[in-house]
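Scroll down for the structure; my scribbles are underneath it.
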Amino acid sequence: MSTQPAPAPLLIACALGIEQFALRAGDHGGAGGPVTVLRTGMGPAAAERSVTRMLAHPALRDAAVLATGFCAGLAPGMHPGDLVVAEETRDPRGTTACVGTELLVKELGRAVPGRTVHTGPLTGSDHVVRGHERSDLRATGAIAVDMESAATLLSAVRAGERPVAAVRVVVDAPEHELVRIGTVRGGISAFRVLRSVLPAFFEWHRSLLLPRR
């Protein structure tokens with residue numbers, strides 16, 4: 001009698017306590033394998049340290065990695081609560097291609113119906129982006145920016161070959177700049193969206209576990 005291999009784990013990385021709280025408050029039913037929600041702390045250096053340390057654990061050595069949380073939208077017409085599915089993440093150290101973008105877009109449409117989902121490059125920054133910096137980054141072709149996704153995914157693939165992805169919720173956009181997350185309507189809207197995305201993440205993870213043909 002053959003034994004089925006244990007399903008590969010999923011590591012979901014976010015930076016802020018409010019992001020981790022939203023993810024833990026979401027529906028955890030239907031996961032295709034063990035799920036760890038990691039709070040990395042703010043900034044690329046913290047994300048790199050935390051993700052590298054977690055993936056050194058034998059139980060997470062082969063984990064798929066998904067970076068999530070809030071972001072700043074760069075494109076005109078974006079609104080708080082919109083979703084960004086990265087086709088790739090970028091920072092000065094390099095570009096990391098994401099896996100399963102189309103599936104994530106489809107599943108997010110089911111998980112959070114009525115929300116706009118944007119796809120394109122997600123760029124990294126080591127600080128909160130405001131004013132003219134937003135238009136400068138938009139000119140590079142990026143559609144959104146955050147401080148941790150690029151470092152998270154780059155650290156993940158450097159630790160070993162694995163599927164990676166990044167999904168972010170817009171909390172700050174060109175026409176809707178926010179000063180403090182969670183104190184205005186846009187922040188609350190983004191929190192509610194983030195709390196609802198886990199089923200899409202689990203479907204993405206399950207698709208990776210299917211036999212390849």
Side-chain angles (χ1 to χ4, degrees), residues 12-16 18-19 22 40-48 65-102 104-106 108-109 111-112 114-156 164-194 196-197 200-201:
I12 301 174
C14 61
L16 303 175
I18 190 173
E19 295 167 338
T40 65
M42 285 184 66
E48 180 179 1
V65 174
L66 196 151
T68 194
F70 303 130
C71 71
L74 299 175
M78 282 184 159
H79 295 88
D82 285 2
L83 287 146
V84 171
V85 178
E87 293 174 341
E88 63 183 30
T89 57
R90 305 169 173 174
D91 73 5
R93 298 179 300 165
T95 298
T96 306
C98 296
V99 172
T101 299
E102 291 181 4
L104 277 167
V105 170
K106 181 179 78 172
L108 286 166
V112 200
R115 290 291 177 179
T116 302
V117 182
H118 307 268
T119 59
L122 175 61
T123 195
S125 172
D126 60 2
H127 59 278
V128 175
V129 171
R130 299 288 185 198
H132 70 88
E133 283 186 287
R134 195 191 296 269
S135 53
D136 291 346
L137 290 173
R138 175 62 180 158
T140 70
I143 63 167
V145 57
D146 75 86
M147 290 194 287
E148 297 84 23
S149 291
T152 293
L153 299 199
L154 187 59
S155 301
V164 294
V167 175
R168 290 275 170 171
V169 182
V170 174
V171 74
D172 178 88
E175 293 91 3
H176 304 273
E177 284 205 353
L178 304 181
V179 178
R180 294 173 62 195
I181 291 174
T183 60
V184 295
R185 185 171 298 172
I188 295 167
S189 170
F191 176 87
R192 288 174 176 162
V193 172
L194 187 59
S196 304
V197 296
F201 295 176

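Starting from 1, each residue takes its place in the sequence as its number. Because the structure is predicted, anything quoted here is derived from the model rather than measured.
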Interatomic spacing from [atom1] in [X] to [atom2] in [Y] - rounded to 0.5 Å:
X: Glu102; Y: Glu87; atom1: CD; atom2: CD; answer: 9.0 Å
X: Leu74; Y: Leu122; atom1: CG; atom2: CG; answer: 8.5 Å
X: His118; Y: Cys71; atom1: NE2; atom2: SG; answer: 9.0 Å
X: Met42; Y: Asp126; atom1: CE; atom2: CG; answer: 11.0 Å
X: Asp82; Y: Arg115; atom1: CG; atom2: CZ; answer: 7.5 Å
X: His79; Y: Asp172; atom1: NE2; atom2: CG; answer: 13.0 Å

Contact check, side chains of Val193 and Leu83, non-hydrogen atoms, under 4.5 Å: yes
Grab the two heavy atoms, one from [X] and one from [Y], that are nearest each other, plus how far apart they are.
X: Ala200; Y: Leu104; value: O-CD2, 4.0 Å
X: Cys98; Y: Ala86; value: CB-O, 3.3 Å
X: Ala97; Y: Val164; value: O-CG2, 3.6 Å
X: Ser196; Y: Ala111; value: O-CB, 3.6 Å
X: Ile143; Y: Arg138; value: CG2-NH1, 3.5 Å
X: Asp91; Y: Ala150; value: CB-CB, 3.8 Å

Does [Y] offer a backbone N or O that forms a donor-acceptor pair with the side chain of [X] under 3.5 Å?
X: Thr140; Y: Asp136; answer: no
X: Thr40; Y: Cys14; answer: yes
X: Arg168; Y: Thr68; answer: yes
X: Glu19; Y: Phe70; answer: yes

Could I get the full list of salt bridge (charged side-chain N to carboxylate O under 4.0 Å, His left out) partners for Arg90, not counting sequence neighbours? Glu88
Let's go through Thr89 and Leu154 carefully: what are the C-alpha distance in whole Å and the side-chain angles of both, what is the deciding distance for side-chain contact (heavy atoms from CB on, under 4.5 Å) to 0.1 Å, and is it a yes or a no? CA-CA 8 Å; Thr89 57; Leu154 187 59; over 6 Å; no
Test of understanding: with side-chain hydrogen bond (donor to acceptor under 3.5 Å, both in side chains), list the residues that count as partners of Glu133, not counting sequence neighbours. His127
